[in-house]
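Heavy-atom basis, side chains included; hydrogens, waters and symmetry copies ignored. The residues of the chain are indexed from 1 along the displayed sequence.
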Amino acid sequence: MIKRLLIANRGEIALRIVRAARELGIESVVAHSEADADSLAVRQADAGVCIGPAPATKSYLNAAAILQAARECGADAVHPGYGFLSENAAFARAVVEAGMVFVGPDAAIIERMGDKAMARQTAVDAGVPVVPGSPGAVSEPARAAAMAAEIGFPLLIKAAAGGGGRGIRVVESAGEFERQLQAAQAEARAAFGDDRVYLERFIERARHIEVQVLGDGERVVHLFERECSLQRRRQKLFEECPSPALDEAAREALCRSAVRLAEHVGYVGAGTLEYLFDSHSGEFFFIEMNTRIQVEHPITEAVTGIDLVREMLRVASGERLRFAQSQIQCRGWAVEMRINAEDPARDFFPSPGTVARLIWPTGPGIRIDSALFEGYRMPPFYDSLVAKLVVWDDNRAAALARAARALNEFVLDGFTTTAALHQRLLDTPALRAGEIDIGFLERWLADAPQPVASSPAPAAQETAP
């Protein structure tokens with residue numbers, strides 16, 4: 001078993017890993033920036049070590065500083081959480097070369113599945129359906145245009161090395177293809193240093209459904225699917241497990257395909273395979289794999305009773321999976337609402353500040369993943385996520401009703417959040433009926449007759465980079 005774990009992350013996910021490590025008897029050390037020295041994760045860990053100034057490029061993205069901190073504190077393993085360096089193959093390789101365990105898959109798998117074009121070909125090789133599109137990445141405009149003509153319009157241009165919704169363009173017709181290609185390549189070059197793109201058919205009103213897997217390098221199991229269609233600018237805001245769009249036959253086919261692909265690459269640890277689901281045809285298509293723990297993992301834990309972070313640590317310690325697929329059951333329904341420090345009435349402008357008063361909802365089936373506490377000043381340098389409100393009940397209608405009750409009890413004074421947005425969403429007939437797709441939230445925001453209620457913004461704001 002791992003004895004001393006360095007956690008190379010911050011906020012609620014760092015705290016989540018600290019707690020899982022403690023339950024397994026593993027000492028935890030949180031690597032933190034100067035801005036996070038007084039964070040709840042650092043307070044709860046066995047130790048903390050400063051790795052640099054507040055900007056992420058000088059701390060959480062500074063691989064050399066993190067490795068040095070791991071060596072100096074005597075860590076025998078590093079958990080990257082999500083974001084930052086969690087899917088950086090060079091970092092994973094450097095951790096192993098330094099004689100420590102990287103809590104996640106092998107660097108070669110991160111490279112293979114992190115490159116969208118390579119991941120797509122890997123899926124094809126494993127017999128997993130992919131969206132019709134280019135067979136690989138392209139960078140030459142003439143070749144890309146020829147492929148676009150074969151695929152047909154509308155289509156998507158997607159950065160091969162992309163993530164977080166960057167480097168993606170929807171192209172409606174051949175006349176706008178060249179302009180959109182240039183824009184996508186410029187964005188991809190700036191964000192990832194790689195202007196290669198690939199093309200795929202655009203599925204209108206598609207749903208975004210992902211499958212959670214766990215592997216030990218020899219065997220892979222799935223922990224069912226999550227519905228992640230409620231997105232704004234391709235960033236998820238509200239997730240639920242399982243998906244209301246799937247019947248049992250579709251669920252079985254989708255989840256088995258995820259297991260097949262993960263076994264094909266010899267996957268180790270927790271991972272998520274993302275799909276587009278066409279509600280009209282019943283078809284599903286693999287789009288990408290996240291080789292890390294996901295922000296929305298708590299809803300999977302809620303319906304399966306399996307602690308994903310603890311299982312990651314066990315597998316990283318060399319243990320085999322402790323359960324067979326037949327032992328994993330999906331019970332009830334869970335939803336996760338991301339509470340961000342943003343003002344929906346001001347186009348989701350960042351709203352960092354100090355927590356003046358904080359009241360969490362309580363009761364059966366309610367879980368809060370957050371590093372907030374009264375008096376905490378949210379740094380303006382990082383992601384705006386401040387809490388995940390997770391609710392479980394024995395069916396979807398009951399879970400949504402419990403979610404509305406929990407939001408009504410939640411109080412956070414000091415800055416504006418997206419909690420009011422979730423309250424309004426839960427009142428929409430389409431959401432209650434499960435009739436959503438990846439464009440639903442943006443259409444709903446555009447058509448909403450009233451702005452989402454918010455408190456006055458401070459006179460001066462710092463925004464995250």
Side-chain angles (χ1 to χ4, degrees), residues 105 109 112-138 147-163 165 168 170-171 196-215 220-229 231 234 236 239 241-267 271-291 294 300 325 330 436-439:
I109 294 177
R112 184 176 183 181
M113 302 310 291
D115 182 295
K116 287 184 171 58
M118 289 178 64
R120 177 188 174 88
Q121 186 57 52
T122 300
V124 171
D125 294 342
V128 173
V130 298
V131 181
S134 59
V138 294
M147 287 183 179
E150 290 182 17
I151 297 167
F153 297 90
L155 59 75
L156 282 174
I157 302 174
K158 304 178 77 171
I168 299 178
V170 179
V171 185
R196 294 175 307 129
V197 299
Y198 67 102
L199 315 177
E200 65 183 30
R201 189 179 92 197
F202 179 60
I203 302 171
E204 296 188 69
R205 301 295 173 99
R207 301 178 81 116
H208 185 154
I209 300 177
E210 61 188 27
V211 179
Q212 176 71 58
V213 297
L214 273 174
V220 174
V221 294
H222 72 77
L223 289 87
F224 300 96
E225 84 285 354
R226 297 184 288 254
E227 173 79 52
C228 303
S229 295
Q231 305 175 13
R234 299 186 175 88
K236 304 165 189 173
E239 299 100 356
C241 180
S243 167
L246 303 184
D247 59 24
E248 285 306 312
R251 176 169 294 113
E252 174 66 16
L254 178 69
C255 293
R256 286 306 307 165
S257 79
V259 170
R260 186 162 63 249
L261 179 50
E263 286 183 337
H264 181 75
V265 299
Y267 195 78
T272 299
L273 293 96
E274 304 199 4
Y275 294 80
L276 292 180
F277 180 72
D278 189 332
S279 298
H280 299 294
S281 67
E283 297 174 286
F284 59 83
F285 305 99
F286 168 80
I287 50 174
E288 64 180 321
M289 182 175 191
N290 292 305
T291 55
Q294 291 276 93
T300 294
Q325 187 65 64
C330 182
I436 56 175
D437 59 75
I438 56 177

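Looking at R207 and D278, no side-chain N of the basic residue comes within less than 4.0 Å of a carboxylate O on the acidic one, giving no salt bridge.
Closest approach of P132 to F285, counting heavy atoms only: CD-CE2, 4.2 Å. In this structure, G215 and V220 approach most closely via the heavy-atom pair CA-CG2, 4.0 Å. What you find for I157 and L199 is that their closest heavy atoms are CG1-CD2, 3.8 Å. Closest of all the heavy-atom pairs between F286 and A123 is CD2-CB, 3.5 Å. When all heavy atoms of I151 and R201 are compared, the pair lying nearest together is CG2-N, 4.0 Å. Summarising the geometry of A160 relative to Y198, their closest heavy-atom pair is CA-CD2, 4.1 Å, with the distance given to 0.1 Å.
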**OP:** Could you check M147 against V138 for side-chain contact (heavy atoms from CB on, under 4.5 Å), going step by step and ending with a plain yes or no?
**Re:** CA-CA 9 Å; M147 287 183 179; V138 294; 3.6 Å; yes
Subject >> Worked check of side-chain contact (heavy atoms from CB on, under 4.5 Å) between L246 and F277 >> reply: CA-CA 9 Å; L246 303 184; F277 180 72; 3.7 Å; yes
Subject >> Evaluation steps, side-chain contact (heavy atoms from CB on, under 4.5 Å), between V170 and F153 >> reply: CA-CA 9 Å; V170 179; F153 297 90; over 6 Å; no
**OP:** Might you work through the side-chain hydrogen bond (donor to acceptor under 3.5 Å, both in side chains) test for S279 and R205, ending with a clear yes or no?
**Re:** CA-CA 8 Å; S279 298; R205 301 295 173 99; over 6 Å; no
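For the atom pair R120 CZ and K158 NZ, the distance stands at 9.0 Å (nearest 0.5 Å). Taken from NE2 in H264 to CZ in R260, the straight-line distance is 11.0 Å, to the nearest 0.5 Å. Atom NZ in K116 sits 13.0 Å away from atom CE in M289 (nearest 0.5 Å). Separation of atoms OG (S257) and CZ (F284) is listed at 4.5 Å; rounding is to 0.5 Å. Distance check: L223 CG to C255 SG gives 9.0 Å after rounding to the nearest 0.5 Å. The CG atom of L276 sits 12.0 Å away from the CD atom of E210 when rounded to the nearest 0.5 Å.
Between the R251 side chain and the P242 main chain, no donor and acceptor come within less than 3.5 Å of each other. No donor-acceptor pair under 3.5 Å is formed between the side chain of Q212 and the backbone N or O of F224.
Using a 4.5 Å cut-off on side-chain heavy atoms (C-beta onward), L273 and E288 make no contact. Contact of the H222 side chain with the Q325 side chain is registered, since non-hydrogen atoms from C-beta on lie closer than 4.5 Å. Taking the side chain as every heavy atom from C-beta outward, L156 and I168 approach each other to under 4.5 Å.
For the side-chain contact (heavy atoms from CB on, under 4.5 Å) with E200, the lone residue among L155, V130, V131 that qualifies is V131. With I438 as the partner, the side-chain contact (heavy atoms from CB on, under 4.5 Å) test is satisfied by one option alone out of K236, H208, R234: H208. Between R226 and the options I209, V211, T272, a side-chain contact (heavy atoms from CB on, under 4.5 Å) holds for only T272.
Using modelled atom types and a 3.5 Å distance limit, the side chains of Y267 and T291 yield no donor-acceptor pair.
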